[in-house]
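Below is one structure, written out as structure tokens; comments come after it.
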Amino acid sequence: MSEHVVPEADFPPSLSRRYYLSPDQPFDLDPTLSCGQVFRWHRADGIWYGIIENEPVAVRQSGSLLTFSGCSEASLVRYFALDIDLGSVLVTAGYDQYLEAAVRRHGGLRIVRQEPWECLVSYLCAQNTSIPHIQRMLGNLCARAGDEVCGPAGRGYAFPEAGAVASLPQEEKRACALGYRAGYIHRTAEAVAGDPDWVERIRQMDYEDARHEMMRFPGAGPKVADCILLFGFEMYEAFPVDVWVRAIMKTCYGVGSAAKTLSPKEYEVIRRFGRDHFGPYAGYAQEYLFADRQHLTRLNGNE
DNA sequence: ATTTGACCTCA
DNA sequence: GAGGTCAAA
């Protein structure tokens, strides 16, 4: 697994820094990093390894204590969104019985602040496949096109800039197991490399306009656009609808059809319901419902 | 304007 | 068939 951050010399790094969570600041590393919002973290012996701002980072949690190394406290707080008042977010998001059950089982899950470019590529990869495959694609891409980075927490690969992705030879891309997504990623990388201000432009738009703008990238449809705005741009009203969320919304809220495939029209109906029902933090509600999918899709909806 | 099938890869 | 998208009916 050389594409991941690995500790130097095969023994755990000394996690020299400490951060204490306050009692009114719920946070849990495990559900946050394993819920499927990020794909480049991995856990070994109770320690999570990943990259924040191009630096290898190691983090461990025991209760309210976070021990970590490789980045500053400010970077850690920012990345894991520890400055967000999760309690009031979830109250705002409409605390119904389903959300309550999901929060009970996955408490402390936070939406992390991903880099927009990495987030964009990640969700182009994420269409129509499984999480292990997504992890493999991104790991391959970083190992082949990203710079190697070292630090006190270990070593790994930075996520490659758009220019580096665009200029990665065709056969190298194929070897990343991107499949037909390679074409999307190549053309999107070219567009981004030639438009360095794209992030600032999106940031200045409201959610609906940003969504429209995101869908101009090849391979970015409604689902991908909503994921990037939610995970990469802090637009918490975004309500991505995948097959799981669709099933949950049907089972628990009676929204949507029984058709085999999810049409653009039905996507609109469900995301609008989500936004209206859960409010400006609908995306947070979506993450908790998604995290609890195996439970929620087994309900009969009549209780 | 809506619906259908192909698409890489891996399970 | 999968945590979709696109282009062609």
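Note on naming: letters A, B, ... go to the chains in the order of the sequence lines (proteins, then strands), and numbering restarts at 1 for each one.
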Of all nucleotides in DNA chain C with an atom under 4.0 Å from a non-hydrogen atom of chain A, which is the first and which the last going 5' to 3'?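 The footprint of chain A covers dA2(C) to dC6(C).
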
Say you pick atom C1' in dG1(C) and the same atom in dG5(B); how far apart are they, in whole Å?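 Each nucleotide's C1' atom is 14 Å from the other's.
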
Using the P atom on both, measure dC8(B) against dA8(C) and round to a whole Å.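 15 Å, rounded to whole Å.
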
Whichever of Met215(A) and Glu287(A) has its nearest DNA chain C nucleotide further upstream toward 5':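 Whichever sits nearer the 5' end wins; that is Glu287(A).
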
Which is more 5' along DNA chain C, the nucleotide nearest Ile134(A) or the one nearest Pro218(A)? Just name the residue.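 Looking at DNA chain C, the more 5' nearest nucleotide goes with Ile134(A).
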
At 4.0 Å (heavy atoms only), tell me whether Ala220(A) reaches a base, stays on the sugar-phosphate, or touches nothing.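 Sugar-phosphate, no base atom in range.
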
Once you apply a heavy-atom cut-off of 4.0 Å, does Gly219(A) come out as touching a base, just sugar-phosphate, or nothing?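 Here Gly219(A) touches the backbone only, sparing every base.
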
So do the side chains of Asn128(A) and Tyr180(A) get within less than 4.5 Å of each other, counting heavy atoms only?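 The answer is yes, as the side chains (C-beta and beyond) meet within the 4.5 Å cut-off.
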
Contact check, side chains of Met249(A) and Phe273(A), non-hydrogen atoms, under 4.5 Å: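 Side chain of Met249(A) against side chain of Phe273(A), heavy atoms only: contact under 4.5 Å found.
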
Does a salt bridge link Arg203(A) with Glu200(A), judged by any charged N lying under 4.0 Å from a carboxylate O?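 Judged by the 4.0 Å cut-off on N to carboxylate O distance, Arg203(A) and Glu200(A) do form a salt bridge.
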
Arg216(A) and Asp195(A) ion-paired at < 4.0 Å: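 Salt bridge flag = no for Asp195(A) with Arg216(A).
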
Restricting to side chain to side chain donor-acceptor pair (under 3.5 Å), what partner residues turn up for Lys173(A), sequence neighbours left out?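 Expected list: His186(A).
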
Taking only nitrogen or oxygen atoms into account, show me every contact under 3.5 Å that the protein makes with nucleotides 8-11 of chain B, one pair per line with its distance.
residue, atom, partner, partner atom, Å
dC8(B), O4', Tyr180(A), N, 2.9
dC8(B), O2, Arg181(A), NH1, 2.8

Determine the stems involving DNA chain C; a stem requires 3 or more consecutive pairs of the Watson-Crick or G-U wobble kind, each with both distances below 3.5 Å, and the answer is none if no such run exists.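 When the pairs of DNA chain C are grouped into runs of at least three, the stems are B:2-7 with C:4-9.
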
Specify the closest pair of heavy atoms between [X] and [Y], including all atoms of both residues, with the distance to one decimal.
X	Y	result
Cys71(A)	Ile52(A)	SG-CD1, 4.4 Å
Cys176(A)	Asn140(A)	O-ND2, 3.1 Å
Pro13(A)	Pro152(A)	CB-O, 3.5 Å

Using only atom types and a distance under 3.5 Å, with no angle test, would you say the side chain of [X] pairs donor to acceptor with the backbone of [Y]?
X	Y	result
Thr129(A)	Ile134(A)	no
Gln25(A)	Leu82(A)	yes
Thr188(A)	Pro218(A)	yes

If the condition is ring-ring contact (aromatic ring centres under 6.0 Å, His included), which residues does Tyr267(A) pass it with, not counting sequence neighbours?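 Scan of Tyr267(A) (ring-ring contact (aromatic ring centres under 6.0 Å, His included), adjacent residues dropped) gives none.
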
Exactly one of Asp28(A), Asp292(A), Asp30(A) should register a salt bridge (Lys or Arg N to Asp or Glu O under 4.0 Å) with Arg105(A). Which one does?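 Checked Asp28(A), Asp292(A), Asp30(A) against Arg105(A); only one passes salt bridge (Lys or Arg N to Asp or Glu O under 4.0 Å): Asp292(A).
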
In residues 222-248 of chain A, which residues come under 4.0 Å of DNA chain C by heavy atom?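 When residues 222-248 of chain A is checked for heavy atoms under 4.0 Å from DNA chain C, the hits, listed by number, are Pro222(A), Lys223(A), Val224(A), Asp242(A), Val243(A), Trp244(A).
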
